[in-house]
Amino acid sequence: MQTHQYDVVIVGAGGAGMRAALESSDRARTAVISKLYPTRSHTGAAQGGMCAALANVEEDNWEWHTFDTVKGGDYLVDQDAAEVMAKEAIDAVLDLEKMGLPFNRTPEGRIDQRRFGGHTRNHGEAAVRRSCYAADRTGHMILQTLYQQCVKNDVEFFNEFYVLDILLSHDLVGGAVSDGDDVAVSGVVAYELATGEIHLFRAKSVVLATGGAGKIYKTTSNAHTLTGDGMALAYRRGIPLEDMEFFQFHPTGLAGLGILLSEAARGEGGILRNGEGERFMERYAPTIKDLAPRDIVARSMANEVREGRGAGPNKDYVLLDLTHLEPAHIDAKLPDITEFARTYLGIEPYTEPVPVYPTAHYAMGGVPTNIETAVLRNNTDFVRGLFAAGEVACVSVHGSNRLGTNSLLDINVFGKRAGLAAAAYAATADWVDVPEDPETGVVAELEEMRARAVGDRVADVRRDLQQTMDANAQVFRTEESLIQALKDVRELQARYRNVSVQDKGRAYNTDLLEALELGFLLDIAEVVVVGALNRQESRGGHFREDFPARDDAAYMQHTMAYRRPPGTAAPSSPVSSDAAAAVAATTRSGDLTPGGPGSSAPGTYDVALGYKPVVVTRYQPMERKY
Ligand SMILES: Cc1cc2nc3c(=O)[nH]c(=O)nc-3n(C[C@H](O)[C@H](O)[C@H](O)COP(=O)(O)OP(=O)(O)OC[C@H]3O[C@@H](n4cnc5c(N)ncnc54)[C@H](O)[C@@H]3O)c2cc1C
């Protein structure tokens, strides 16, 4: 085992990780650890844009942006965080411009802006042009720009290193320190892909910037690598996950494939039509129509299909119509995504509408943080030295439904904040001892999988997981479907304990690491489903057919999900007393064996739920109409 020592270790080299690295490497000895080569991170796949109330093309201000974010998130947004993000958005865009990002320009030479779902003028009057963009390759440009700056600033990268564990000074159970009164981070354990060697990184500050978990679903816009690693690692160490039941389904995935066609297509004038050619969004959102927030558009599409108005031979998708746009306009503003339609579906978007259907896209939930990106271990206390930013984190600016272009913004604003906070903490903190044998648990697990001669195949278990999540925990959910999903996930967890890998070697053993990632996916799927089962209301991305209304009295609260080791009591303090009721609610339907919540099947872990209040500053919850 090799040992390294840095003041700050950043896990993840996507937009959030590299934005953090730019700040922290100026101020503290910093290493960035990434399982991918940095420019392969999913940020590079982002298409449509990054919003800020620059008011370059029409009147706008950050207060309208804050309001839209809060309303878009169906009032589960922490309003102090949304305000920070909307205010700092303007500098975040200008910072990128100064770094050299080639934004599209207006004829006068200003950064151009386009429309995106849910972004409005004056609290919902009409759609506003708030999204800054570089054609439909905005994320690619952000990632390349940040990487160039990191190279210029001599940031140290450990590429193709997989972080396997976060090291803490004390054990956490249900958010409480089980063997002391305080807990601090002391580093991370990582696996070097090229050699199979284990590395220990000691650090005063650790920043989690590991991105999302879209691979719990089969139909998804997310890259193969988005397996929720950072979320699962934190969760396994006793840190709660916040609001995981809220997963965003983006309306316009290529039908049957899930590959994304950016909302920019509608921002530039694209229209959704059902099989009868009707512009159906006029019925669901009369004011902003096709530019309603994603949860509403995705549900409306699914509803058209369910009611028999879908398009195609099986009436199982709707159509994205760009045929009224000038080909030159399409080529200038939407070159990549129209090429996707040609390549993957053989459709010519100039002349034919494109078949689309909702695709799993974005995790609104994640590792809970405050607005300085410090990681919470319960409603009030922190893990000293641990920070999180980007899709892995839940700060919570997106509440129960993220607005388009708010994530590229989130990673820049909170990535920067994380870099500053991590460096500031490291400047005064003492080193924390690492455990005597830091590699025992994870490494043993890896070796066991490598050594197992026969067993279930990783790809089979993953496929079954993705299928049940698509079938049972997607746009529409019911108690029955979620119980089915939970049963399936439990069974798959049992099968997972028996998986084996074909490649037994050390060098570039991606087989082994995919097995590990499957374990993360199973943990995350379980938390998503238990949270969804418990939340008996519909809000944002979470729609319960059996509870179709939003219920602010009971559920205008963040869910905090804790991993509860077998045989231990539900966390008492400071998880609210509702936690017990919440957990009971998930067992209410009786038999969820094997290993349902509250059951004590050997070796399985329960999910214990608590609540955290939503921060409300200026906007009282209202009915959401568009
Ligand atoms: C197709 C697509 C289009 C999108 N378009 C837009 C858009 O137009 N506008 C918008 O605002 N948002 C968009 N989004 C969402 C947005 O791109 C993402 O939410 C955001 O880029 C996530 O950035 P991140 O830095 O948090 O994570 P990522 O960019 O996903 O980076 C994660 C990093 O973590 C590393 N990592 C993960 N696990 C480990 C581990 N175990 N050990 C070491 N390293 C690890 C990876 O190597 C990677 O470097 C889009 C998303 C997709 C999928």
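Whatever order the structure lists them in is the order used to number ligands and atoms, beginning at 1.
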Atoms in ligand 1 with a heavy atom of [X] nearer than 4.0 Å:
X      : result
Ala13  : 33 (C), 48 (C), 49 (O)
Thr405 : 9 (N), 10 (C), 11 (O)
Ser41  : 29 (O), 31 (O), 48 (C), 49 (O)
Asn406 : 11 (O)
Leu260 : 1 (C), 2 (C), 3 (C)
Gly48  : 7 (C), 8 (O)
Ser221 : 1 (C), 53 (C)
Leu36  : 47 (O)

Among side-chain atoms of [X] and [Y], is any donor-acceptor pair under 3.5 angstrom?
X      : Y      : result
Thr120 : Asp68  : yes
Lys333 : Tyr133 : yes
Asp295 : Gln248 : no
Asn406 : Thr69  : yes

Counting N and O atoms only, with roles assigned by atom type, does the side chain of [X] sit under 3.5 Å from a partner on the main chain of [Y], one being a donor and the other an acceptor?
X      : Y      : value
Thr252 : Leu261 : yes
Asp7   : Arg29  : yes
Asp470 : Tyr217 : no
Ser34  : Leu36  : yes
Ser186 : Val434 : no
Ser396 : Cys394 : no
Asn509 : Asp503 : yes
Tyr235 : Val367 : no
Thr220 : Ala360 : yes
Arg417 : Ile371 : yes

Q) Among Lys215, Arg462, Lys35, which one satisfies salt bridge (charged side-chain N to carboxylate O under 4.0 Å, His left out) with Glu517? A) Lys35
(Q) If we check salt bridge (charged side-chain N to carboxylate O under 4.0 Å, His left out) with Lys416, which of these qualifies: Asp91, Asp95, Asp26? (A) Asp95
Taking [atom] as the reference point, the nearest protein heavy atom with its distance:
atom                    : answer
atom 46 (C) of ligand 1 : Ser34 OG, 3.8 Å
atom 29 (O) of ligand 1 : Thr43 OG1, 2.5 Å
atom 11 (O) of ligand 1 : Leu408 N, 2.7 Å
atom 13 (C) of ligand 1 : Ala46 CB, 3.8 Å
atom 42 (N) of ligand 1 : Val163 N, 2.8 Å
atom 16 (C) of ligand 1 : Ser407 OG, 3.5 Å
atom 26 (O) of ligand 1 : Glu391 N, 3.0 Å
atom 37 (C) of ligand 1 : Thr210 O, 3.4 Å

Q) Is the gap between the ring centers of His398 and Phe246 under 6.0 Å? A) no
Q. Taking the six-membered ring where the residue is Trp, are the ring centres of Phe158 and His199 under 6.0 Å apart?
A. no
(Q) Below 4.0 Å, non-hydrogen atoms only: which portion of Glu263 touches ligand 1? Side chain, backbone, both or neither. (A) neither
(Q) Tell me the contacting part of Tyr362 for ligand 1: side chain, backbone, both, or neither, using a 4.0 Å heavy-atom threshold, strictly below. (A) side chain
Take every heavy atom of [X], measure it against each atom of ligand 1, and state whether any distance is under 4.0 Å.
X      : value
Leu409 : no
Arg40  : no
Gly139 : no
Arg402 : yes
Gln47  : yes
Tyr133 : no
Ala209 : yes
Thr138 : no
Gly212 : no

Q.
How about CZ on Arg450, more than 12 heavy atoms from neighbouring residues, nucleotides or ligands closer than 6.0 Å, or not?
A. yes
Would you say ligand 1 has an N or O under 3.5 Å from any N or O of [X]?
X      : result
Leu226 : no
Val392 : no
Ala45  : no
Ser262 : no
Gly15  : yes
Ala16  : yes

(Q) Looking at non-hydrogen atoms alone, which of His250, Met50, His398, His42 comes nearest to atom 51 (C) of ligand 1? (A) His42
Q: Closest by any non-hydrogen atom to atom 38 (N) of ligand 1: pick that one out of Leu143, Asp229, Leu233, Thr359.
A: Asp229
**Q.** Student check: side-chain heavy atoms of Ile90 and Leu54 closer than 4.5 Å
**A.** yes
